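Please read all numbers here as calculations on a predicted model, not as lab measurements. Chain identifiers are assigned alphabetically (A, B, ...) following the order of the sequence lines, protein sequences preceding nucleic acid strands; residue numbering begins at 1 within each chain.
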Protein chains: 2
Amino acid sequence: MTEKATRPIRSDETLLAILEALEARTAPSVSDVATHAGVSKSTAHNHLSTLREHGYVVDGERGYELSLRFLELGESARTNTEIYEVARPHADELSRETGLLVNISVEDRGKGVYLYRTRGDDRIRLSTRAGEVHELHCTATGKAILAHLPKRRVESILDQHGLPKRSENTITERETLHSELAEIRERGYSVDDEEYGQGLRCVGVPVLNGDDAVIGALSASGPATEVVGERLTTELPTHLKQVRNRIELNLRDY
Amino acid sequence: MTEKATRPIRSDETLLAILEALEARTAPSVSDVATHAGVSKSTAHNHLSTLREHGYVVDGERGYELSLRFLELGESARTNTEIYEVARPHADELSRETGLLVNISVEDRGKGVYLYRTRGDDRIRLSTRAGEVHELHCTATGKAILAHLPKRRVESILDQHGLPKRSENTITERETLHSELAEIRERGYSVDDEEYGQGLRCVGVPVLNGDDAVIGALSASGPATEVVGERLTTELPTHLKQVRNRIELNLRDY
DNA sequence: ACGAGCGTTCGACCACGCTGAACGATTATC
DNA sequence: GATAATCGTTCAGCGTGGTCGAACGCTCGT
(Lines give C-alpha, C1' and ligand atoms only; values in the text may rest on other atoms or scores of the structure.)
Protein backbone atom coordinates (compact mmCIF):
# COMPACT_ATOMS: atom_id res chain seq x y z
CA MET A 1 0.00 0.00 0.00
CA THR A 2 2.90 2.31 0.60
CA GLU A 3 3.06 3.54 -2.96
CA LYS A 4 6.67 3.00 -3.94
CA ALA A 5 8.39 5.79 -5.77
CA THR A 6 9.79 4.53 -9.05
CA ARG A 7 12.72 6.83 -8.74
CA PRO A 8 13.16 7.99 -5.16
CA ILE A 9 15.35 11.03 -4.57
CA ARG A 10 18.07 10.16 -2.15
CA SER A 11 18.75 13.64 -0.83
CA ASP A 12 15.05 14.03 -0.07
CA GLU A 13 15.21 10.88 1.95
CA THR A 14 18.11 12.14 4.01
CA LEU A 15 16.26 15.42 4.46
CA LEU A 16 13.27 13.56 5.83
CA ALA A 17 15.49 11.43 8.04
CA ILE A 18 16.91 14.65 9.42
CA LEU A 19 13.43 15.98 10.17
CA GLU A 20 12.69 12.79 12.05
CA ALA A 21 15.89 13.15 14.01
CA LEU A 22 14.89 16.69 14.96
CA GLU A 23 11.45 15.49 15.99
CA ALA A 24 12.70 12.57 18.07
CA ARG A 25 15.51 14.18 20.00
CA THR A 26 15.30 17.55 21.67
CA ALA A 27 17.68 20.10 20.22
CA PRO A 28 20.27 17.70 18.79
CA SER A 29 23.70 18.76 17.61
CA VAL A 30 24.87 18.42 14.02
CA SER A 31 26.71 15.25 14.92
CA ASP A 32 23.67 13.75 16.63
CA VAL A 33 21.60 14.43 13.56
CA ALA A 34 24.26 12.93 11.30
CA THR A 35 24.39 9.73 13.31
CA HIS A 36 20.64 9.44 13.57
CA ALA A 37 20.11 10.01 9.86
CA GLY A 38 23.02 7.78 8.89
CA VAL A 39 24.98 10.37 6.89
CA SER A 40 28.27 12.14 7.24
CA LYS A 41 28.57 15.17 9.43
CA SER A 42 29.19 17.46 6.48
CA THR A 43 26.09 16.22 4.69
CA ALA A 44 23.97 16.79 7.77
CA HIS A 45 25.49 20.22 8.06
CA ASN A 46 24.62 21.13 4.49
CA HIS A 47 21.04 19.99 4.85
CA LEU A 48 20.59 21.74 8.17
CA SER A 49 21.99 25.01 6.92
CA THR A 50 19.78 24.85 3.85
CA LEU A 51 16.75 24.25 6.05
CA ARG A 52 17.82 27.09 8.31
CA GLU A 53 18.27 29.50 5.43
CA HIS A 54 14.69 28.82 4.41
CA GLY A 55 13.36 29.10 7.95
CA TYR A 56 12.42 25.48 8.52
CA VAL A 57 14.81 24.96 11.37
CA VAL A 58 16.35 27.30 13.90
CA ASP A 59 19.54 26.76 15.83
CA GLY A 60 19.16 28.00 19.33
CA GLU A 61 21.87 27.92 21.93
CA ARG A 62 21.13 24.31 22.72
CA GLY A 63 21.07 22.91 19.20
CA TYR A 64 18.89 22.61 16.14
CA GLU A 65 15.10 22.59 16.35
CA LEU A 66 12.17 22.40 13.98
CA SER A 67 10.91 25.93 13.48
CA LEU A 68 7.31 27.01 13.83
CA ARG A 69 7.04 26.85 10.06
CA PHE A 70 5.86 23.31 10.68
CA LEU A 71 3.03 24.58 12.81
CA GLU A 72 1.83 26.51 9.78
CA LEU A 73 2.13 23.48 7.52
CA GLY A 74 0.42 21.31 10.11
CA GLU A 75 -2.49 23.71 10.40
CA SER A 76 -2.75 23.74 6.65
CA ALA A 77 -2.95 19.94 6.54
CA ARG A 78 -5.50 19.93 9.33
CA THR A 79 -7.69 22.53 7.67
CA ASN A 80 -7.59 20.50 4.47
CA THR A 81 -9.60 17.76 6.13
CA GLU A 82 -13.34 17.94 5.59
CA ILE A 83 -14.18 17.38 9.22
CA TYR A 84 -11.93 19.61 11.30
CA GLU A 85 -13.30 23.12 11.12
CA VAL A 86 -16.91 22.02 11.29
CA ALA A 87 -16.50 19.52 14.12
CA ARG A 88 -14.16 21.44 16.37
CA PRO A 89 -16.65 23.77 18.06
CA HIS A 90 -19.00 20.84 18.61
CA ALA A 91 -16.18 18.92 20.23
CA ASP A 92 -15.49 21.81 22.58
CA GLU A 93 -19.14 22.02 23.53
CA LEU A 94 -19.42 18.29 24.09
CA SER A 95 -16.35 18.37 26.26
CA ARG A 96 -17.76 21.17 28.41
CA GLU A 97 -21.05 19.36 28.80
CA THR A 98 -19.62 15.97 29.70
CA GLY A 99 -16.38 16.94 31.39
CA LEU A 100 -14.70 14.21 29.35
CA LEU A 101 -11.79 14.24 26.94
CA VAL A 102 -13.24 14.63 23.46
CA ASN A 103 -11.33 13.54 20.35
CA ILE A 104 -11.74 14.14 16.66
CA SER A 105 -9.79 11.72 14.52
CA VAL A 106 -9.45 10.68 10.93
CA GLU A 107 -7.89 7.83 9.04
CA ASP A 108 -4.59 8.58 7.35
CA ARG A 109 -2.62 5.88 5.56
CA GLY A 110 -4.25 3.09 7.53
CA LYS A 111 -3.82 4.59 10.95
CA GLY A 112 -5.85 6.93 13.09
CA VAL A 113 -4.67 10.49 13.67
CA TYR A 114 -6.06 12.78 16.34
CA LEU A 115 -6.96 16.06 14.70
CA TYR A 116 -8.07 17.64 17.93
CA ARG A 117 -8.36 16.80 21.59
CA THR A 118 -10.11 18.90 24.14
CA ARG A 119 -11.04 18.50 27.74
CA GLY A 120 -13.58 20.67 29.50
CA ASP A 121 -11.61 20.54 32.68
CA ASP A 122 -8.31 22.16 31.74
CA ARG A 123 -6.67 21.68 35.07
CA ILE A 124 -5.23 18.37 34.00
CA ARG A 125 -2.64 18.90 31.35
CA LEU A 126 -3.21 16.94 28.17
CA SER A 127 -0.80 14.04 28.17
CA THR A 128 -1.52 13.36 24.57
CA ARG A 129 -1.73 15.81 21.73
CA ALA A 130 -3.04 16.42 18.25
CA GLY A 131 -1.17 14.75 15.43
CA GLU A 132 -0.66 11.60 17.44
CA VAL A 133 -1.24 8.35 15.59
CA HIS A 134 -2.80 5.12 16.81
CA GLU A 135 -4.02 1.84 15.36
CA LEU A 136 -7.64 1.82 14.30
CA HIS A 137 -8.69 -1.52 15.84
CA CYS A 138 -8.28 -0.52 19.47
CA THR A 139 -9.88 2.88 19.85
CA ALA A 140 -13.48 4.07 19.75
CA THR A 141 -12.83 6.51 16.91
CA GLY A 142 -10.79 3.93 15.03
CA LYS A 143 -13.48 1.26 15.19
CA ALA A 144 -16.19 3.76 14.25
CA ILE A 145 -14.15 4.62 11.15
CA LEU A 146 -13.34 1.00 10.27
CA ALA A 147 -17.03 0.10 10.54
CA HIS A 148 -17.79 2.42 7.65
CA LEU A 149 -14.88 1.74 5.33
CA PRO A 150 -15.32 -0.69 2.41
CA LYS A 151 -14.54 -4.23 3.59
CA ARG A 152 -11.68 -4.52 1.12
CA ARG A 153 -10.05 -1.44 2.54
CA VAL A 154 -10.43 -2.76 6.10
CA GLU A 155 -8.73 -6.01 5.12
CA SER A 156 -5.88 -4.16 3.47
CA ILE A 157 -5.40 -2.01 6.57
CA LEU A 158 -5.37 -5.08 8.82
CA ASP A 159 -2.88 -6.78 6.49
CA GLN A 160 -0.65 -3.78 6.70
CA HIS A 161 -0.74 -3.05 10.41
CA GLY A 162 -2.06 -6.22 12.04
CA LEU A 163 -3.95 -6.10 15.34
CA PRO A 164 -1.27 -5.41 17.91
CA LYS A 165 -2.25 -5.98 21.53
CA ARG A 166 -2.30 -2.68 23.37
CA SER A 167 -3.86 -3.85 26.61
CA GLU A 168 -5.70 -6.78 28.23
CA ASN A 169 -8.91 -6.19 26.28
CA THR A 170 -7.55 -5.36 22.84
CA ILE A 171 -9.31 -7.26 20.06
CA THR A 172 -6.65 -9.34 18.33
CA GLU A 173 -8.80 -11.65 16.22
CA ARG A 174 -10.08 -10.54 12.85
CA GLU A 175 -13.34 -12.39 13.24
CA THR A 176 -14.09 -10.79 16.58
CA LEU A 177 -13.31 -7.41 15.12
CA HIS A 178 -15.57 -7.94 12.11
CA SER A 179 -18.57 -8.90 14.21
CA GLU A 180 -17.85 -5.93 16.47
CA LEU A 181 -17.81 -3.66 13.43
CA ALA A 182 -21.16 -5.09 12.31
CA GLU A 183 -22.57 -4.35 15.73
CA ILE A 184 -21.22 -0.81 15.57
CA ARG A 185 -22.93 -0.25 12.22
CA GLU A 186 -26.18 -1.52 13.67
CA ARG A 187 -26.35 0.47 16.88
CA GLY A 188 -24.57 3.55 15.48
CA TYR A 189 -21.78 3.93 18.01
CA SER A 190 -18.59 2.23 19.14
CA VAL A 191 -17.15 1.49 22.55
CA ASP A 192 -13.53 1.12 23.56
CA ASP A 193 -13.71 -0.87 26.78
CA GLU A 194 -10.15 -0.51 28.06
CA GLU A 195 -8.89 -1.87 24.75
CA TYR A 196 -6.31 0.81 24.23
CA GLY A 197 -5.24 1.43 27.77
CA GLN A 198 -6.16 0.05 31.14
CA GLY A 199 -8.69 2.12 33.04
CA LEU A 200 -9.77 4.10 29.98
CA ARG A 201 -13.21 3.76 28.49
CA CYS A 202 -14.41 5.60 25.42
CA VAL A 203 -17.56 6.01 23.30
CA GLY A 204 -17.35 7.01 19.65
CA VAL A 205 -19.46 7.81 16.62
CA PRO A 206 -18.54 8.00 12.93
CA VAL A 207 -19.04 11.15 10.90
CA LEU A 208 -20.15 10.74 7.28
CA ASN A 209 -20.18 13.26 4.47
CA GLY A 210 -22.88 13.80 1.85
CA ASP A 211 -21.74 10.75 -0.14
CA ASP A 212 -22.00 8.48 2.90
CA ALA A 213 -18.24 8.15 3.14
CA VAL A 214 -16.58 8.28 6.59
CA ILE A 215 -14.56 11.41 6.96
CA GLY A 216 -13.64 10.82 10.58
CA ALA A 217 -15.02 10.09 14.00
CA LEU A 218 -15.75 11.76 17.30
CA SER A 219 -15.30 10.23 20.72
CA ALA A 220 -15.53 11.01 24.42
CA SER A 221 -13.26 9.21 26.84
CA GLY A 222 -12.70 9.08 30.55
CA PRO A 223 -11.76 6.90 33.51
CA ALA A 224 -13.52 3.51 33.44
CA THR A 225 -14.86 4.30 36.88
CA GLU A 226 -16.73 7.32 35.53
CA VAL A 227 -17.90 5.97 32.21
CA VAL A 228 -20.22 3.22 33.47
CA GLY A 229 -23.84 2.01 33.69
CA GLU A 230 -26.52 4.13 32.09
CA ARG A 231 -23.98 6.70 31.10
CA LEU A 232 -22.01 4.20 29.05
CA THR A 233 -24.94 2.36 27.50
CA THR A 234 -27.44 5.15 26.90
CA GLU A 235 -26.52 8.66 27.89
CA LEU A 236 -23.23 9.12 26.08
CA PRO A 237 -24.25 7.20 22.92
CA THR A 238 -27.37 9.35 22.58
CA HIS A 239 -25.47 12.52 23.25
CA LEU A 240 -22.75 11.67 20.76
CA LYS A 241 -25.25 10.74 18.08
CA GLN A 242 -26.94 14.11 18.53
CA VAL A 243 -23.64 15.91 18.11
CA ARG A 244 -22.87 13.77 15.09
CA ASN A 245 -26.16 14.80 13.51
CA ARG A 246 -25.44 18.45 14.11
CA ILE A 247 -21.99 18.13 12.58
CA GLU A 248 -23.35 16.35 9.53
CA LEU A 249 -25.97 19.02 9.08
CA ASN A 250 -23.31 21.71 9.26
CA LEU A 251 -21.24 19.83 6.71
CA ARG A 252 -24.05 20.09 4.18
CA ASP A 253 -23.87 23.86 4.07
CA TYR A 254 -20.07 23.86 4.12
CA MET B 1 19.93 37.72 9.65
CA THR B 2 18.81 34.95 7.38
CA GLU B 3 21.87 32.84 7.93
CA LYS B 4 23.07 31.95 4.44
CA ALA B 5 24.01 28.39 3.81
CA THR B 6 27.52 28.17 2.44
CA ARG B 7 26.58 25.27 0.26
CA PRO B 8 22.84 25.06 -0.15
CA ILE B 9 21.44 21.80 -1.43
CA ARG B 10 19.47 22.43 -4.55
CA SER B 11 17.17 19.42 -4.35
CA ASP B 12 16.26 20.41 -0.80
CA GLU B 13 15.28 23.82 -2.09
CA THR B 14 13.01 22.36 -4.72
CA LEU B 15 11.54 20.07 -2.08
CA LEU B 16 10.74 23.07 0.10
CA ALA B 17 9.32 24.96 -2.87
CA ILE B 18 7.06 21.98 -3.45
CA LEU B 19 5.87 22.03 0.14
CA GLU B 20 5.04 25.69 -0.26
CA ALA B 21 3.12 24.94 -3.43
CA LEU B 22 1.12 22.31 -1.57
CA GLU B 23 0.44 24.73 1.25
CA ALA B 24 -0.63 27.59 -0.97
CA ARG B 25 -2.89 25.84 -3.43
CA THR B 26 -5.50 23.30 -2.44
CA ALA B 27 -4.84 19.86 -3.85
CA PRO B 28 -2.71 20.88 -6.82
CA SER B 29 -1.83 18.55 -9.69
CA VAL B 30 1.71 17.50 -10.49
CA SER B 31 1.86 20.10 -13.23
CA ASP B 32 0.64 22.85 -10.92
CA VAL B 33 3.32 21.96 -8.43
CA ALA B 34 5.96 21.89 -11.15
CA THR B 35 5.03 25.36 -12.39
CA HIS B 36 4.81 26.81 -8.91
CA ALA B 37 8.16 25.37 -7.87
CA GLY B 38 9.82 26.24 -11.16
CA VAL B 39 10.97 22.75 -12.08
CA SER B 40 10.15 20.24 -14.76
CA LYS B 41 7.13 18.04 -14.44
CA SER B 42 9.24 14.90 -14.07
CA THR B 43 11.31 16.44 -11.28
CA ALA B 44 8.17 17.45 -9.42
CA HIS B 45 6.86 13.94 -9.92
CA ASN B 46 9.98 12.36 -8.47
CA HIS B 47 9.91 14.57 -5.40
CA LEU B 48 6.20 14.07 -4.84
CA SER B 49 6.41 10.31 -5.14
CA THR B 50 9.34 10.25 -2.73
CA LEU B 51 7.36 12.32 -0.26
CA ARG B 52 4.36 10.07 -0.73
CA GLU B 53 6.38 6.92 -0.14
CA HIS B 54 7.47 8.33 3.18
CA GLY B 55 3.99 9.48 4.13
CA TYR B 56 4.54 13.22 3.96
CA VAL B 57 2.03 13.79 1.21
CA VAL B 58 -1.06 11.92 0.11
CA ASP B 59 -2.66 11.99 -3.29
CA GLY B 60 -6.40 11.98 -2.95
CA GLU B 61 -8.79 11.97 -5.83
CA ARG B 62 -8.43 15.70 -6.26
CA GLY B 63 -4.67 16.01 -6.21
CA TYR B 64 -1.70 16.06 -3.87
CA GLU B 65 -1.97 17.27 -0.29
CA LEU B 66 0.27 17.64 2.72
CA SER B 67 -0.37 14.66 4.97
CA LEU B 68 -1.11 14.86 8.67
CA ARG B 69 2.53 14.02 9.30
CA PHE B 70 2.98 17.77 9.36
CA LEU B 71 0.51 18.07 12.19
CA GLU B 72 2.78 15.83 14.20
CA LEU B 73 5.85 17.85 13.32
CA GLY B 74 4.01 21.08 14.06
CA GLU B 75 2.95 19.85 17.46
CA SER B 76 6.51 18.86 18.14
CA ALA B 77 7.75 22.34 17.26
CA ARG B 78 5.05 23.93 19.38
CA THR B 79 5.80 21.75 22.38
CA ASN B 80 9.46 22.67 22.08
CA THR B 81 8.67 26.25 23.01
CA GLU B 82 9.05 27.11 26.68
CA ILE B 83 5.73 28.87 26.91
CA TYR B 84 3.14 26.72 25.17
CA GLU B 85 2.22 23.92 27.51
CA VAL B 86 2.30 26.06 30.59
CA ALA B 87 0.36 29.01 29.18
CA ARG B 88 -2.32 27.18 27.25
CA PRO B 89 -4.68 26.30 30.11
CA HIS B 90 -4.35 29.85 31.42
CA ALA B 91 -5.28 31.18 28.01
CA ASP B 92 -8.38 28.98 27.93
CA GLU B 93 -9.41 30.18 31.35
CA LEU B 94 -8.84 33.82 30.49
CA SER B 95 -10.86 33.41 27.35
CA ARG B 96 -13.79 31.89 29.24
CA GLU B 97 -13.68 34.67 31.80
CA THR B 98 -13.49 37.56 29.35
CA GLY B 99 -15.32 36.14 26.36
CA LEU B 100 -12.53 37.56 24.21
CA LEU B 101 -10.18 35.95 21.73
CA VAL B 102 -7.01 35.09 23.61
CA ASN B 103 -3.67 34.62 21.84
CA ILE B 104 -0.34 33.16 22.81
CA SER B 105 2.46 34.16 20.50
CA VAL B 106 6.22 33.99 20.27
CA GLU B 107 8.90 35.57 18.17
CA ASP B 108 10.36 33.39 15.43
CA ARG B 109 12.89 34.74 12.97
CA GLY B 110 11.83 38.34 13.47
CA LYS B 111 8.13 37.79 13.16
CA GLY B 112 5.33 36.89 15.53
CA VAL B 113 3.75 33.46 15.37
CA TYR B 114 0.49 32.55 17.05
CA LEU B 115 1.05 29.38 19.04
CA TYR B 116 -2.53 29.19 20.19
CA ARG B 117 -5.76 31.07 19.81
CA THR B 118 -8.88 30.42 21.81
CA ARG B 119 -12.21 32.08 22.17
CA GLY B 120 -14.59 31.40 25.02
CA ASP B 121 -17.54 31.76 22.75
CA ASP B 122 -17.03 29.03 20.18
CA ARG B 123 -20.06 29.86 18.12
CA ILE B 124 -18.03 32.15 15.92
CA ARG B 125 -15.60 30.12 13.89
CA LEU B 126 -12.00 31.20 14.24
CA SER B 127 -11.08 33.10 11.12
CA THR B 128 -7.45 32.95 12.03
CA ARG B 129 -5.49 30.00 13.22
CA ALA B 130 -2.38 28.85 15.03
CA GLY B 131 0.86 29.01 13.09
CA GLU B 132 -0.11 32.27 11.46
CA VAL B 133 2.62 34.89 11.29
CA HIS B 134 2.39 38.63 11.69
CA GLU B 135 4.75 41.58 12.04
CA LEU B 136 5.70 42.42 15.58
CA HIS B 137 5.22 46.19 15.44
CA CYS B 138 1.47 46.20 14.93
CA THR B 139 0.04 43.71 17.41
CA ALA B 140 -0.29 43.72 21.19
CA THR B 141 1.70 40.50 21.60
CA GLY B 142 4.31 41.69 19.11
CA LYS B 143 4.91 44.99 20.88
CA ALA B 144 5.00 43.30 24.28
CA ILE B 145 7.73 41.01 22.94
CA LEU B 146 9.68 43.80 21.22
CA ALA B 147 9.62 45.83 24.42
CA HIS B 148 11.67 43.15 26.15
CA LEU B 149 14.14 42.22 23.45
CA PRO B 150 17.64 43.76 23.48
CA LYS B 151 17.60 47.06 21.57
CA ARG B 152 20.10 45.75 19.05
CA ARG B 153 17.84 42.83 18.24
CA VAL B 154 14.86 45.15 17.82
CA GLU B 155 16.80 47.28 15.36
CA SER B 156 17.86 44.28 13.38
CA ILE B 157 14.27 43.04 13.19
CA LEU B 158 13.06 46.45 12.02
CA ASP B 159 15.84 46.56 9.43
CA GLN B 160 14.77 43.20 8.17
CA HIS B 161 11.03 43.60 8.05
CA GLY B 162 10.38 47.35 8.19
CA LEU B 163 7.17 48.77 9.67
CA PRO B 164 4.56 48.01 7.02
CA LYS B 165 1.27 49.85 7.37
CA ARG B 166 -1.49 47.37 8.18
CA SER B 167 -4.24 49.86 8.96
CA GLU B 168 -4.94 53.53 9.70
CA ASN B 169 -3.34 53.44 13.12
CA THR B 170 -0.27 51.31 12.46
CA ILE B 171 2.91 52.80 13.89
CA THR B 172 5.24 53.37 10.95
CA GLU B 173 7.92 55.55 12.54
CA ARG B 174 10.75 53.99 14.46
CA GLU B 175 10.89 56.80 16.98
CA THR B 176 7.20 56.52 17.77
CA LEU B 177 7.59 52.79 18.19
CA HIS B 178 10.57 53.13 20.51
CA SER B 179 8.80 55.53 22.86
CA GLU B 180 5.77 53.25 22.78
CA LEU B 181 7.99 50.32 23.74
CA ALA B 182 9.42 52.32 26.65
CA GLU B 183 5.90 53.06 27.81
CA ILE B 184 5.01 49.37 27.59
CA ARG B 185 7.99 48.45 29.74
CA GLU B 186 6.93 51.02 32.29
CA ARG B 187 3.27 50.15 32.67
CA GLY B 188 3.71 46.42 32.04
CA TYR B 189 1.24 45.90 29.21
CA SER B 190 0.75 46.79 25.57
CA VAL B 191 -2.25 47.98 23.59
CA ASP B 192 -3.03 47.46 19.94
CA ASP B 193 -5.50 50.23 19.18
CA GLU B 194 -6.76 49.16 15.75
CA GLU B 195 -3.16 49.08 14.52
CA TYR B 196 -3.43 45.69 12.91
CA GLY B 197 -6.98 45.81 11.68
CA GLN B 198 -9.79 48.32 11.78
CA GLY B 199 -12.26 47.73 14.58
CA LEU B 200 -9.98 45.40 16.50
CA ARG B 201 -8.53 46.35 19.86
CA CYS B 202 -6.18 44.21 21.88
CA VAL B 203 -4.35 44.21 25.22
CA GLY B 204 -1.16 42.21 25.72
CA VAL B 205 1.44 41.29 28.31
CA PRO B 206 4.93 39.81 27.90
CA VAL B 207 5.91 36.52 29.52
CA LEU B 208 9.45 36.22 30.85
CA ASN B 209 11.39 33.16 31.93
CA GLY B 210 13.68 32.75 34.93
CA ASP B 211 16.52 34.62 33.19
CA ASP B 212 14.28 37.63 32.45
CA ALA B 213 14.24 36.83 28.73
CA VAL B 214 10.94 37.16 26.84
CA ILE B 215 9.69 33.79 25.77
CA GLY B 216 6.43 35.07 24.33
CA ALA B 217 3.34 37.10 25.05
CA LEU B 218 -0.31 36.75 25.86
CA SER B 219 -3.11 38.94 24.60
CA ALA B 220 -6.87 39.34 24.62
CA SER B 221 -8.60 40.95 21.68
CA GLY B 222 -12.09 41.94 20.68
CA PRO B 223 -14.21 44.45 18.83
CA ALA B 224 -13.17 48.07 19.51
CA THR B 225 -16.71 48.72 20.64
CA GLU B 226 -16.37 46.18 23.43
CA VAL B 227 -12.83 46.85 24.53
CA VAL B 228 -13.26 50.40 25.78
CA GLY B 229 -13.17 52.69 28.83
CA GLU B 230 -12.35 51.15 32.19
CA ARG B 231 -12.14 47.74 30.63
CA LEU B 232 -9.38 48.84 28.28
CA THR B 233 -7.42 50.98 30.71
CA THR B 234 -7.73 49.05 33.96
CA GLU B 235 -9.72 45.85 34.00
CA LEU B 236 -8.05 43.90 31.20
CA PRO B 237 -4.49 45.08 31.96
CA THR B 238 -4.87 44.01 35.60
CA HIS B 239 -6.43 40.71 34.64
CA LEU B 240 -3.74 39.95 32.08
CA LYS B 241 -0.96 40.82 34.50
CA GLN B 242 -2.43 38.41 37.03
CA VAL B 243 -2.50 35.63 34.47
CA ARG B 244 1.04 36.49 33.45
CA ASN B 245 2.17 36.13 37.06
CA ARG B 246 0.51 32.76 37.36
CA ILE B 247 2.14 31.56 34.16
CA GLU B 248 5.56 32.75 35.26
CA LEU B 249 5.13 31.00 38.61
CA ASN B 250 4.20 27.78 36.84
CA LEU B 251 7.24 28.13 34.59
CA ARG B 252 9.52 28.05 37.61
CA ASP B 253 8.50 24.52 38.55
CA TYR B 254 8.49 23.36 34.92
C1' DA C 1 -12.35 10.67 -33.98
C1' DC C 2 -9.85 14.30 -32.44
C1' DG C 3 -6.74 17.12 -29.63
C1' DA C 4 -5.49 18.88 -25.22
C1' DG C 5 -4.57 18.04 -20.95
C1' DC C 6 -3.05 14.92 -17.45
C1' DG C 7 0.54 11.66 -14.76
C1' DT C 8 4.11 8.74 -15.68
C1' DT C 9 8.50 6.56 -17.66
C1' DC C 10 12.76 6.73 -20.06
C1' DG C 11 17.58 7.89 -21.59
C1' DA C 12 21.44 10.75 -21.17
C1' DC C 13 24.33 14.43 -19.53
C1' DC C 14 26.99 16.84 -16.22
C1' DA C 15 25.76 19.43 -12.04
C1' DC C 16 26.04 18.58 -7.47
C1' DG C 17 25.34 15.68 -3.28
C1' DC C 18 28.28 12.84 -0.81
C1' DT C 19 32.40 11.57 1.86
C1' DG C 20 36.67 12.00 4.49
C1' DA C 21 40.17 14.87 5.78
C1' DA C 22 41.59 19.14 7.78
C1' DC C 23 40.48 23.45 9.99
C1' DG C 24 39.87 26.70 14.26
C1' DA C 25 37.12 27.07 18.40
C1' DT C 26 35.41 25.28 22.50
C1' DT C 27 35.18 22.38 26.42
C1' DA C 28 36.93 18.47 29.48
C1' DT C 29 40.45 16.24 32.00
C1' DC C 30 44.48 15.91 34.48
C1' DG D 1 47.82 25.60 31.61
C1' DA D 2 48.89 22.09 28.53
C1' DT D 3 46.59 18.13 26.29
C1' DA D 4 43.12 15.83 24.24
C1' DA D 5 38.64 15.16 22.78
C1' DT D 6 34.67 16.92 20.39
C1' DC D 7 32.33 20.37 18.52
C1' DG D 8 30.71 22.95 13.91
C1' DT D 9 32.49 24.22 9.74
C1' DT D 10 35.04 24.26 5.14
C1' DC D 11 37.24 22.13 1.31
C1' DA D 12 38.54 19.30 -2.81
C1' DG D 13 37.37 15.63 -5.59
C1' DC D 14 34.94 11.58 -7.04
C1' DG D 15 31.08 9.52 -9.26
C1' DT D 16 26.43 8.99 -8.28
C1' DG D 17 22.05 10.47 -9.23
C1' DG D 18 19.05 14.74 -9.86
C1' DT D 19 17.80 17.05 -13.70
C1' DC D 20 15.43 17.93 -18.16
C1' DG D 21 12.93 17.00 -22.47
C1' DA D 22 10.86 13.78 -25.20
C1' DA D 23 7.69 10.23 -25.58
C1' DC D 24 4.28 7.28 -23.62
C1' DG D 25 -0.77 5.93 -22.32
C1' DC D 26 -4.61 7.80 -20.38
C1' DT D 27 -8.87 10.46 -19.50
C1' DC D 28 -11.15 14.14 -20.57
C1' DG D 29 -14.23 17.65 -23.40
C1' DT D 30 -15.47 18.81 -28.02
Heavy atoms under 4.0 Å is the rule here; annotate nucleotides 13-30 of chain D 5' to 3' with B where the base is hit, S where only the sugar-phosphate is, and - elsewhere. B---SBBBB---------
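- The distance between atom CG of B/L51 and atom P of C/dG7, rounded to the nearest whole Å, is 16 Å.
- The closest side-chain donor-acceptor pair between B/N103 and B/S219 falls under 3.5 angstrom.
- D/dC7 atom C1' lies 14 Å from atom CG of A/L48, rounded to whole Å.
- Each of A/I145, A/V86, A/I83 was compared with A/V207 under the side chain to side chain contact (heavy atoms under 4.5 Å, CB included) criterion, and only A/I83 meets it.
- In this entry the distance linking OH of A/Y64 with C1' of D/dG8 reads 8 Å, nearest Å.
- Taking a cutoff of 4.0 Å between a charged side-chain nitrogen and a carboxylate oxygen, A/E75 and A/R78 qualify as a salt bridge.
- For D/dT9, the OP1/OP2 oxygens have a side-chain nitrogen or oxygen of A/H45 closer than 4.0 Å.
- Judged as a ring-ring contact (aromatic ring centres under 6.0 Å, His included), and not counting sequence neighbours, the contacts of B/Y56 are B/F70.
- Side-chain nitrogen and oxygen atoms of A/S29 include at least one within less than 4.0 Å of the OP1 or OP2 phosphate oxygen of D/dG8.
- Checking A/S42 against A/S40 by side-chain atom types alone, a donor-acceptor pair falls below 3.5 Å.
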DNA chain C base-pair string [pairs: Watson-Crick or G-U under 3.5 Å; |: paired with another strand]: |.||.|||||||||||||||||||||||||
